[in-house]
S.K.: 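Handing you this structure, nothing more for now.
Below, read A as the first sequence line, B as the second, and so on, with proteins coming before strands; counting in each chain starts at 1.
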Protein chains: 2
Amino acid sequence: MIRTNKDFIVYIDTLRKKSRNQINEQVFEPKTTILKQDRRYNSVYLIRKGIAKCYITDENGKEFIQEFLGEGMEFGELEIFSNNLTICSVTSVSELEVYSFSHGTYRTLLEEDPIFNQLVMKALADKIRYKAPRHSYQHSYPIEDNILRLQRLFPELTEVLPKKDIANYIGVTIRSLNRALKELKLKQENSK
Amino acid sequence: MIRTNKDFIVYIDTLRKKSRNQINEQVFEPKTTILKQDRRYNSVYLIRKGIAKCYITDENGKEFIQEFLGEGMEFGELEIFSNNLTICSVTSVSELEVYSFSHGTYRTLLEEDPIFNQLVMKALADKIRYKAPRHSYQHSYPIEDNILRLQRLFPELTEVLPKKDIANYIGVTIRSLNRALKELKLKQENSK
DNA sequence: GGAATAAAAGGACATTTGTCCCAAGCTCTA
DNA sequence: TAGAGCTTGGGACAAATGTCCTTTTATTCC
């Protein structure tokens, strides 16, 4: 659920030693919205530390969380390849340290640095791989299973995140999430 | 819903004029399964003509259709970037003409042909862009809206595809799909 | 510290969707 | 041509989920 890509961080760290001025560091407070949906920006970000959520808001104001981004994950990069508006908003969950690249710098790296190119390519492919089974799973299994899966994979997250975010991630209402949680608790007590 | 990428086809056509032997043409009958989930292959495919469906099957045998691939769409390419098993099965819907690349050829092109590299990069980014709003939409709107959207975008498809595929694409059971279709018909008659 | 605001929890009911059937129509083939 | 096996369509009921509303409990901010 929290996605990471350590290799990317490692490589950018070494890059920065060579050309410090091209890649900036930035820190965002928790709950800062860094990108808003349907806008245009001129930076690509790479997370160095912390967690961000990437989500779509529909016309009714409902949020649907696409993924939680952790160390080494990029955002704002899709707009490099096709000249479109952002599809997601990105908001920091915890304090967030990022590297930021101007579109120009990013493009130059893509063209001139084959390792960078490869890392970006792999990152894109991983995002696709990750999304496919996720939505399929959420459709096919009841809420309870989705919660259990989440708790198993990221026990720490369920304590840090507000219920609303967990619900938005699973794609259900808070009411339904609460119901499922209650029934899980009941089951666990009965099985003692 | 049927995704296409004409630019890619155009470029590969010109490539083939230069080095015909590297890129093969292949034709598949309708309903041929070209890739099976959780396997390993040594080819990447690019659709020249026809439609294929790309889907995940879960443990209960339920299919969940990820996307319908049309002209210029690739499949089997994700496994180039990370050394993993396929996540989707791919089956031809209509007769399917494809170009196929061995992993070796594909890798070489990626490394040595910057235009090819860029086209692949953009294709990956587009796949991500496409998936995000789709699943969000399907969660947020009732089945009826999803059908209407589909009929509006691809009127021809709803006539070619079996109901099962349409249901699997929207992520509901056939029963629910039929119910929604019936109610739509009723509404349309009433509004006359 | 106290008011205002947001988050968490859940009752009651409505709606949606799924499950399990059955039946009609079509296609393929032995 | 009879029957096996799909696909389509839908009835009846069960289960899951959403909506609306209220209450309680944290959190934030003057």
Side-chain angles (χ1 to χ4, degrees), chain A residues 29-33 53 55 57-65 91-95 135-151 157-189, chain B residues 29-33 53 55 57-65 91 93-94 135-151 157-189:
Chain A
E29 297 285 293
K31 297 183 192 175
T32 310
T33 297
K53 64 173 175 176
Y55 58 99
T57 313
D58 70 17
E59 311 85 61
N60 313 318
K62 279 191 206 160
E63 277 184 14
F64 191 82
I65 294 182
T91 300
S92 57
V93 170
S94 53
E95 188 183 82
H135 293 109
S136 143
Y137 191 91
Q138 286 186 354
H139 262 283
S140 306
Y141 292 88
I143 301 181
E144 274 189 39
D145 292 34
N146 276 290
I147 295 173
L148 286 172
R149 181 151 161 271
L150 223 159
Q151 287 177 338
L157 245 205
T158 48
E159 278 152 37
V160 176
L161 282 181
K163 286 279 168 70
K164 187 165 62 66
D165 282 350
I166 296 180
N168 288 339
Y169 179 75
I170 300 184
V172 297
T173 58
I174 293 193
R175 185 68 196 88
S176 301
L177 177 67
N178 274 327
R179 213 169 356 225
L181 282 171
K182 198 184 172 190
E183 274 167 30
L184 273 179
K185 211 188 288 174
L186 265 180
K187 281 182 193 169
Q188 282 166 6
E189 278 166 15
Chain B
E29 296 285 293
K31 297 186 192 171
T32 311
T33 297
K53 65 173 176 175
Y55 58 100
T57 313
D58 71 16
E59 309 87 62
N60 313 318
K62 280 191 206 159
E63 277 184 14
F64 191 83
I65 294 182
T91 299
V93 171
S94 54
H135 292 109
S136 144
Y137 191 91
Q138 286 185 354
H139 262 284
S140 305
Y141 293 88
I143 301 180
E144 274 189 39
D145 292 34
N146 276 291
I147 296 173
L148 286 173
R149 181 151 161 271
L150 225 160
Q151 287 177 338
L157 245 204
T158 49
E159 278 153 37
V160 176
L161 283 181
K163 285 279 168 72
K164 187 165 62 67
D165 282 351
I166 297 180
N168 286 340
Y169 179 75
I170 301 185
V172 298
T173 59
I174 295 193
R175 185 67 194 88
S176 301
L177 178 66
N178 274 328
R179 210 162 6 217
L181 282 171
K182 198 183 173 191
E183 274 168 30
L184 272 179
K185 212 189 289 173
L186 264 179
K187 282 183 193 168
Q188 283 165 8
E189 279 165 14

S.K.: Tell me whether A:E29 contacts the main-chain N or O of A:S92 through its side chain, where contact means a donor paired with an acceptor under 3.5 Å.
M.R.: no
S.K.: Start at the 5' end of DNA chain D and walk down; is the nucleotide closest to B:K31 or to B:K182 reached first?
M.R.: B:K31
S.K.: Quick one: label B:I174 by what it contacts on the DNA or RNA (base, sugar-phosphate, nothing), any heavy atom closer than 4.0 Å.
M.R.: nothing
S.K.: Starting at NZ of A:K164 and ending at P of C:dT5, how long is that distance when rounded to a whole Å?
M.R.: 18 Å
S.K.: Roughly how many Å is it from OH in A:Y141 to P in D:dA16, rounded to a whole number?
M.R.: 15 Å
S.K.: Could you tell me whether a side-chain N or O of A:T57 sits under 3.5 Å from a main-chain N or O of A:E63, the two making a donor and an acceptor?
M.R.: no
S.K.: Could you tell me whether A:I143 contacts a base, only the sugar-phosphate backbone, or nothing, with contacts defined as non-hydrogen atoms closer than 4.0 Å?
M.R.: sugar-phosphate
S.K.: With a 4.5 Å cut-off on side-chain heavy atoms, are A:K164 and A:L177 touching?
M.R.: no
S.K.: Tell me whether the guanidinium CZ or amine NZ of B:R149 lies under 6.0 angstrom from the six-membered ring centre of B:Y141 and within 45° of its axis.
M.R.: no
S.K.: Check whether any side-chain nitrogen or oxygen of B:N178 sits under 4.0 Å from OP1 or OP2 of D:dG9, and answer yes or no.
M.R.: yes
S.K.: Can you measure B:D145 atom CG to C:dT15 atom P for me and round it to whole angstrom units?
M.R.: 17 Å
S.K.: Measure from CG on B:L177 to P on D:dG9 and round the result to the nearest Å.
M.R.: 9 Å
S.K.: Quick one: is D:dG18 close enough that its OP1 or OP2 comes under 4.0 Å of any side-chain N or O from A:T173?
M.R.: yes
S.K.: Between B:Q138 (CD) and C:dT16 (P), how many Å, whole number?
M.R.: 18 Å
S.K.: On a plain distance test, is the side chain of B:R179 in donor-acceptor contact with the base of C:dG18 below 3.5 Å?
M.R.: yes
S.K.: For B:L161 and D:dT8, what is the distance between atoms CG and C1' respectively, to the nearest whole Å?
M.R.: 15 Å
S.K.: To the nearest Å, give me how far apart CG (A:L181) and C1' (C:dA8) are.
M.R.: 11 Å
S.K.: If every non-hydrogen atom of A:D58 is compared with every non-hydrogen atom of B:S140, which pair is closest and at what distance?
M.R.: OD2-OG, 3.2 Å
S.K.: Grab the CZ-C1' distance between A:R175 and D:dA16 for me, whole Å please.
M.R.: 12 Å
